[in-house]
Amino acid sequence: MGSLWDDLESLVDAPSSFSAKSGERGTIKPKANFDADQDAAALKKAIEGLGTNEKIVIEILTTRSSAQRQLICKAYEKATSRTLVKDLKGDTSGDFEELLMALITPPAEYDCHEVMRAMKGAGTKDKVLIEIFASRSNQQIKALSDVYFKETKKQLTAALKSEVSGDYSKALLLLALGKRDESTTVDVNKAREDAKALYNAGEKKWGTDEAKFIEILCNKSIPHLRQTLIEYKNISGKTLQQSIEGEMSGDLENLLVAVVKCVKSVPGYFAELLHESMKGGGTDESTLNRIMVSRSEIDLLDIRAEFKKLYEHSLLSAIQSDLSGDHCECVKAICGGDD
């Protein structure tokens with residue numbers, strides 16, 4: 001898989017969705033002439049009839065921004081004395097229900113609940129924790145941590161500490177603080193120094209100094225790291241991703257590779273995860289739902305473009321061939337065009 005990413009390593013100024021503001025490259029935009037009461041009434045009619053009119057539900061919830069959907073939820077409760085969450089749960093099921101719940105949950109709350117779900121039960125779902133903490137901005141991480149504290153009266157980092165261990169724990173906890181350097185200026189000499197430090201901590205020595213990799217990759221700014229990747233390739237002859245894959249293993253390897261991929265291109269990272277969620281036997285609907293909803297107002301247009309570039313067919317065509325029924329129709333509506 002590494003080869004798909006190698007050509008990206010030379011793109012110092014590639015767009016990064018760490019800095020993308022909501023709405024800029026999303027497929028879902030706020031609806032003009034929005035009327036929450038009107039939408040709530042239409043949803044009430046669609047749900048209360050004999051059998052839910054899924055088409056109306058999908059049309060409304062996938063063509064309104066997340067903030068507008070929150071206003072619809074309030075208007076719905078005011079009109080019916082019931083919550084939209086409860087009524088949709090009672091009328092839908094499975095992956096479609098899960099997707100609708102994601103759409104009507106505020107982004108920070110949704111991220112927080114996905115993290116909580118990943119920590120629940122036997123065996124932590126590290127894949128989910130890696131995806132969220134490697135790809136989210138400081139602001140998004142702080143927002144989900146605030147929701148976690150509000151709901152549990154506990155610090156998220158303390159909860160994570162009890163779930164994970166070793167060097168992987170150190171790296172994940174650093175990311176979960178949401179304190180990555182946010183400076184946008186790049187000092188090429190400092191990037192070269194960090195590249196040398198990484199080379200000396202891995203390829204050049206017997207055994208790997210994981211702490212050095214964690215310190216640099218989990219703290220330094222994205223523009224700085226993007227330059228560091230280029231300097232590393234010049235020094236080592238290998239990409240940093242190849243070195244991590246050769247030197248490390250398990251969750252720490254997976255987390256640091258995810259960070260490197262996000263440094264190169266957040267949309268490219270998500271395009272790859274979407275492809276993985278749909279290839280082979282069975283679909284990973286939870287990952288698919290999470291990415292489609294959480295990126296729908298941020299960079300889903302860029303993810304679509306990266307998907308086409310990497311796999312030579314559109315994201316929409318992959319969705320159509322992999323999913324079915326109302327779940328498929330709803331995912332397609334979030335995806336938008338066939339580019």
Side-chain angles (χ1 to χ4, degrees), residues 1-2 4-6 8-9 11-12 14-20 111 115 118 126-142 144 157 160 164 166-183 186 191 194-195 197-199 201-203 208-233 236 238-273 276 287 291 294-295 298-299 303 306:
M1 199 65 224
L4 290 170
W5 291 90
D6 293 345
L8 285 163
E9 213 144 73
L11 300 176
V12 193
S16 166
S17 294
F18 277 103
S19 58
D111 271 354
V115 167
D126 294 291
K127 210 176 96 168
V128 177
L129 298 181
I130 289 168
E131 177 202 313
I132 289 175
F133 289 109
S135 67
R136 300 307 194 252
S137 66
N138 285 350
Q139 290 77 6
Q140 287 172 313
I141 289 169
K142 281 172 185 157
L144 85 86
T157 45
L160 285 168
V164 293
D167 289 320
Y168 167 59
S169 170
K170 287 174 196 164
L172 193 71
L173 290 170
L174 260 182
L175 294 173
L177 288 172
K179 288 185 176 171
R180 182 183 289 287
D181 178 17
E182 291 182 329
S183 61
V186 176
D194 275 348
L198 288 167
Y199 180 64
E203 291 289 337
T208 308
D209 178 5
E210 285 88 355
K212 182 54 72 178
F213 279 81
I214 293 166
E215 178 204 325
I216 293 171
L217 289 173
C218 299
N219 283 312
K220 300 293 175 84
S221 77
I222 300 303
H224 171 87
L225 287 176
R226 204 169 285 146
Q227 184 64 38
T228 303
L229 296 185
I230 293 162
E231 301 300 332
Y232 187 88
K233 180 96 182 274
S236 161
K238 282 183 178 180
T239 66
L240 184 58
Q241 183 181 330
Q242 287 168 334
S243 292
I244 293 168
E245 286 168 345
E247 298 280 325
M248 298 179 198
S249 61
D251 291 323
L252 178 65
E253 178 199 337
N254 294 336
L255 178 59
L256 294 185
V257 164
V259 169
V260 167
K261 285 179 177 180
C262 287
V263 166
K264 289 185 244 185
S265 165
V266 171
Y269 172 66
F270 281 118
E272 191 181 325
L273 286 188
E276 281 171 12
T287 296
I291 296 172
S294 65
R295 309 313 292 187
I298 299 174
D299 56 2
I303 293 168
E306 287 297 326

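The model shown is predicted, which means the values in this text are computed figures rather than measured ones.
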**Student:** Taking everything shown except Lys212 itself, do over 12 heavy atoms lie less than 6.0 Å from its NZ?
**Tutor:**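 Not more than 12 within 6.0 Å, no.
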
**Student:** Hey, could you give me the OG/CD1 distance between Ser135 and Ile130, rounded to the nearest 0.5 Å?
**Tutor:**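 Result: 11.5 Å between the selected atoms.
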
**Student:** Between the main-chain N or O of Leu174 and the side-chain N or O of Arg180, is there a donor-acceptor pair closer than 3.5 Å?
**Tutor:**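 No, Arg180 side chain to Leu174 backbone: no donor-acceptor pair under 3.5 Å.
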
**Student:** Mind checking side-chain hydrogen bond (donor to acceptor under 3.5 Å, both in side chains) for Ser243 and listing every partner two or more places apart, or none if nothing turns up?
**Tutor:**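 Checked Ser243 against side-chain hydrogen bond (donor to acceptor under 3.5 Å, both in side chains); matches are Glu203, Tyr232.
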
**Student:** Can you list the residues that meet the side-chain hydrogen bond (donor to acceptor under 3.5 Å, both in side chains) rule with Thr208, with sequence neighbours excluded?
**Tutor:**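 If we apply the side-chain hydrogen bond (donor to acceptor under 3.5 Å, both in side chains) test to Thr208, skipping adjacent residues, the hits are Glu247.
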
**Student:** Quick one, Cys218 and Leu172 - any side-chain contact, counting heavy atoms below 4.5 Å?
**Tutor:**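 Side chain of Cys218 against side chain of Leu172, heavy atoms only: no contact under 4.5 Å found.
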
**Student:** Return the set of residues passing side chain to side chain contact (heavy atoms under 4.5 Å, CB included) with Ile141 (not counting sequence neighbours), or none when no residue passes.
**Tutor:**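 With neighbours one apart ignored, the set is Phe133, Arg136, Ser145.
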
**Student:** Once rounded to the nearest 0.5 Å, what's the spacing between atom CG of Leu129 and atom CG of Leu255?
**Tutor:**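 Taking CG in Leu129 and CG in Leu255, the distance rounds to 9.5 Å.
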
**Student:** Going through the checks in order, is the side chain to side chain contact (heavy atoms under 4.5 Å, CB included) test met by Ile230 and Lys233?
**Tutor:** CA-CA 5 Å; Ile230 293 162; Lys233 180 96 182 274; 5.9 Å; no

**Student:** How long is the straight-line distance from CG of Asp194 back to CD of Gln227, given to the nearest 0.5 Å?
**Tutor:**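 Atom-to-atom, Gln227:CD and Asp194:CG are 11.5 Å apart.
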
**Student:** Do Asp111 and Gln140 pair up side chain to side chain, a donor and an acceptor below 3.5 Å, judged on atom types alone?
**Tutor:**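 No - no donor-acceptor pair under 3.5 Å links their side chains.
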
**Student:** Distance check, rounded to the nearest 0.5 Å: Ser236 atom OG versus Glu231 atom CD?
**Tutor:**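 Here the rounded value is 12.5 Å.
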
